[in-house]
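Take a look at the structure below.
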There are 2 protein chains.
Amino acid sequence: MRKEGDPSERATDGHEPRLSRASVGRLSLYLRHLEGLLHDGVHKVSSSQLGDSLGVTDAQVRKDLGSLGHLGHPGVGYAAAELIAAIRRALGIDREWRAALAGAGNLARALLRYHGFVSRGFRFVALFDADPAKIGQRIDGLEIHATAAIPAVIAATRAELGVLTVPAESCQSVAEAMVAAGVRGILNFAPAVLRLPPTVQVVSVDLTVQLEQLAFLVQWNGGEG
Amino acid sequence: MRKEGDPSERATDGHEPRLSRASVGRLSLYLRHLEGLLHDGVHKVSSSQLGDSLGVTDAQVRKDLGSLGHLGHPGVGYAAAELIAAIRRALGIDREWRAALAGAGNLARALLRYHGFVSRGFRFVALFDADPAKIGQRIDGLEIHATAAIPAVIAATRAELGVLTVPAESCQSVAEAMVAAGVRGILNFAPAVLRLPPTVQVVSVDLTVQLEQLAFLVQWNGGEG
DNA sequence: GGATGTGAACGACTTCACAGCG
DNA sequence: CGCTGTGAAGTCGTTCACATCC
């Protein structure tokens, strides 16, 4: 009944990108692959090389990269370092992002210890849990606060993003508390659909849905071995 | 350069569903919501009620449900119990799925302890890790085996699905070992793109990509607060 | 020659709108 | 009269194919 948070307006400077969700996902993959190439001393890459490594057509790669500006050199390919800078800028990850994490369970531990986030400029600056027994404990040096402390701690740490690894029952209220405290985007791992004002961006990672996707594919398209 | 594992052939009986990926994801959401409704004693639901709860248009809901057969009652709505049965069958989760988990870290712990999987018929039957120090230990009663044991253990447990929470460097080789041992679908959490034969179904949950999606949305579409 | 950039064709998914049924 | 089911229209994203440039 209501529309999705589709490509909307809002400019910040010169030419901001107007990219589809799918395109953003692929750019993220290109970025990681390009960093690997650069690390291996490869400085030039063509759309077909990039596509082959990632299971994407060369035309698709060119369309995606073309939307960032004229970065390619006909007959040669793309310069890895240039592409990396352009993609980081387009994705908005050419700066640090401060994130607050709610739900101090195993998934939270996994996220806190995953170094891939830090290397991309994502920093966890606050941690919350509803369990009184956990309050005051630390995970990786980050103190666990009560959910009642969300307003104060989010304000103090100036977290812009919220990551939810809480149970389904509490995700809506925790999300609302975070939004009220100033958080502008939420990454939701709880198995429930969040309903938030359209000014707040939500990305959901619903593990049950993903596993069921896989079961469906195997059931109906699976190899006939 | 190569095509995706798109909607393909393969029949098993009467009328198997020909559903898009997006549609399967929504059906999974409908299913969970319907189970909640039934639990609350609600037995009938209309497409607009269902859609409103999940942020989907009523027309979309009808299209999705229509593809499962004629389940609706004009002027009345849908019977929750009927829908649940039909969706479970369409998704292929009207039976048990046996899964093997590789990478015994915090993410693995989170998945093993998540009850939502068990209640949907997903059962973890094997656990692997590359770290010799972990071999023989148990998590939630499940013994950790060496990755060298993948062929024997997968064969013995008859796992059909593989879940990868290993580092990016090892995901390709672990996936190949699992596939060689008979696994027909892989849920990949490693931050890398798997290249496997098209007879093997792959669903990837790339947490870095998801976080970067969120950063992009907040950066460019975010509320102008 | 080799690779980019891009309109045009194509295909997939979503929304509209309304006939039809209980 | 309310709500489903569904062709038709519309929108969005991908692939094709080729002019263009180094």
Side-chain angles (χ1 to χ4, degrees), chain A residues 1-8 15 17-27 29-30 34 37 42-80 82-83 86-87 90 213 221, chain B residues 1-8 15 17-27 29-30 34 42-80 82-83 86-87 90 213 216 221:
Chain A
M1 302 303 273
R2 96 145 166 60
K3 300 287 173 48
E4 289 301 312
D6 290 305
S8 312
H15 57 117
R18 191 68 45 102
L19 306 171
S20 74
R21 192 134 173 162
S23 174
V24 170
R26 284 189 302 268
L27 285 171
L29 295 179
Y30 303 156
L34 287 163
L37 289 179
V42 178
H43 292 261
K44 291 238 175 299
V45 65
S46 71
S47 56
S48 43
Q49 288 166 353
L50 204 48
D52 282 345
S53 309
L54 268 42
V56 170
T57 65
D58 53 347
Q60 183 73 78
V61 172
R62 288 199 298 279
K63 270 269 152 80
D64 288 336
L65 298 181
S67 64
L68 307 185
H70 287 221
L71 296 160
H73 305 281
V76 181
Y78 299 84
E82 275 184 58
L83 271 195
I87 294 176
Q213 285 263 11
N221 304 324
Chain B
M1 299 303 274
R2 98 142 162 61
K3 302 288 171 48
E4 290 300 310
D6 290 305
S8 313
H15 59 118
R18 192 66 48 101
L19 306 171
S20 74
R21 192 131 172 166
S23 173
V24 170
R26 285 189 302 267
L27 285 171
L29 295 179
Y30 302 156
L34 287 164
V42 179
H43 292 262
K44 292 239 174 297
V45 65
S46 72
S47 57
S48 42
Q49 289 166 351
L50 204 48
D52 281 344
S53 310
L54 267 43
V56 171
T57 64
D58 53 348
Q60 183 73 79
V61 172
R62 288 198 297 279
K63 269 270 153 80
D64 288 337
L65 298 181
S67 64
L68 307 184
H70 287 223
L71 296 159
H73 305 281
V76 180
Y78 298 84
E82 275 184 57
L83 270 194
I87 295 175
Q213 285 262 10
F216 170 82
N221 302 325

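Here is the naming used below: chain letters follow the sequence lines, and residue numbers restart at 1 for every chain. Because the structure is predicted, anything quoted here is derived from the model rather than measured.
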When we call it a touch if two heavy atoms are under 4.0 Å apart, what does [X] touch: a base, just sugar-phosphate, or nothing?
X      : value
L65(B) : nothing
G75(A) : base
S47(A) : sugar-phosphate

How many Å lie between [atom1] on [X] and [atom2] on [N], as a whole number?
X      : N       : atom1 : atom2 : answer
R21(B) : dT14(D) : CZ    : C1'   : 16 Å
D64(B) : dT4(D)  : CG    : C1'   : 14 Å
D52(A) : dA3(C)  : CG    : P     : 12 Å
R62(A) : dC21(D) : CZ    : C1'   : 14 Å
L50(B) : dG5(D)  : CG    : P     : 13 Å
H73(B) : dG5(D)  : NE2   : P     : 9 Å
Q60(A) : dG13(D) : CD    : P     : 10 Å
R18(B) : dA12(C) : CZ    : P     : 12 Å

Report task. Let me know, please, whether P74(A) or A22(A) comes out on the 5' side of the other along DNA chain D by nearest nucleotide. Result ->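 This one resolves to A22(A).
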Query raised in the report: Quick one: on DNA chain D, does S23(A) or S46(B) contact a more 5' nucleotide (nearest heavy atom)?
Result: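 Nearest nucleotide further toward 5': that of S46(B).
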Close N/O contacts between protein and nucleotides 8-10 of chain C (under 3.5 Å):
unit_1, atom_1, unit_2, atom_2, d
dA8(C), N6, K63(A), NZ, 3.4

So [Y] and [X], do their side chains get closer than 4.5 Å, heavy atoms only?
X      : Y      : answer
V61(A) : L54(A) : no
Y30(A) : L83(A) : no
L65(A) : L27(A) : yes

Query raised in the report: Quick check: does any side chain N or O of Q213(B) sit under 3.5 Å from a backbone N or O of R21(A), one acting as donor and the other as acceptor?
Result: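 Yes; at least one donor-acceptor contact below 3.5 Å.
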Query raised in the report: Nearest nucleotide by nearest heavy atom, which residue falls closer to the 5' end of DNA chain C, H70(A) or G77(A)?
Result: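 Its nearest nucleotide lies further toward 5', so the answer is G77(A).
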For [X] and [N], is the shortest distance between a side-chain N/O and OP1 or OP2 below 4.0 Å?
X      : N       : answer
T57(A) : dT15(D) : yes
R26(A) : dT14(D) : yes
Y78(A) : dG2(C)  : no

Requested in this report: Nearest 0.5 Å please: distance from the OH atom of Y78(B) over to the NZ atom of K44(B).
Outcome: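 Reported value, rounded in 0.5 Å steps: 12.5 Å.
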Query raised in the report: Applying the side chain to side chain contact (heavy atoms under 4.5 Å, CB included) test to E82(A), which of L34(A), L71(A), L68(A) qualifies?
Result: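 The single option meeting the side chain to side chain contact (heavy atoms under 4.5 Å, CB included) with E82(A) is L71(A).
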**Report entry** Residue from S46(A), S67(A), S48(A), S47(A) passing side chain to side chain contact (heavy atoms under 4.5 Å, CB included) with R62(A)
**Finding:**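 The passing option is S47(A).
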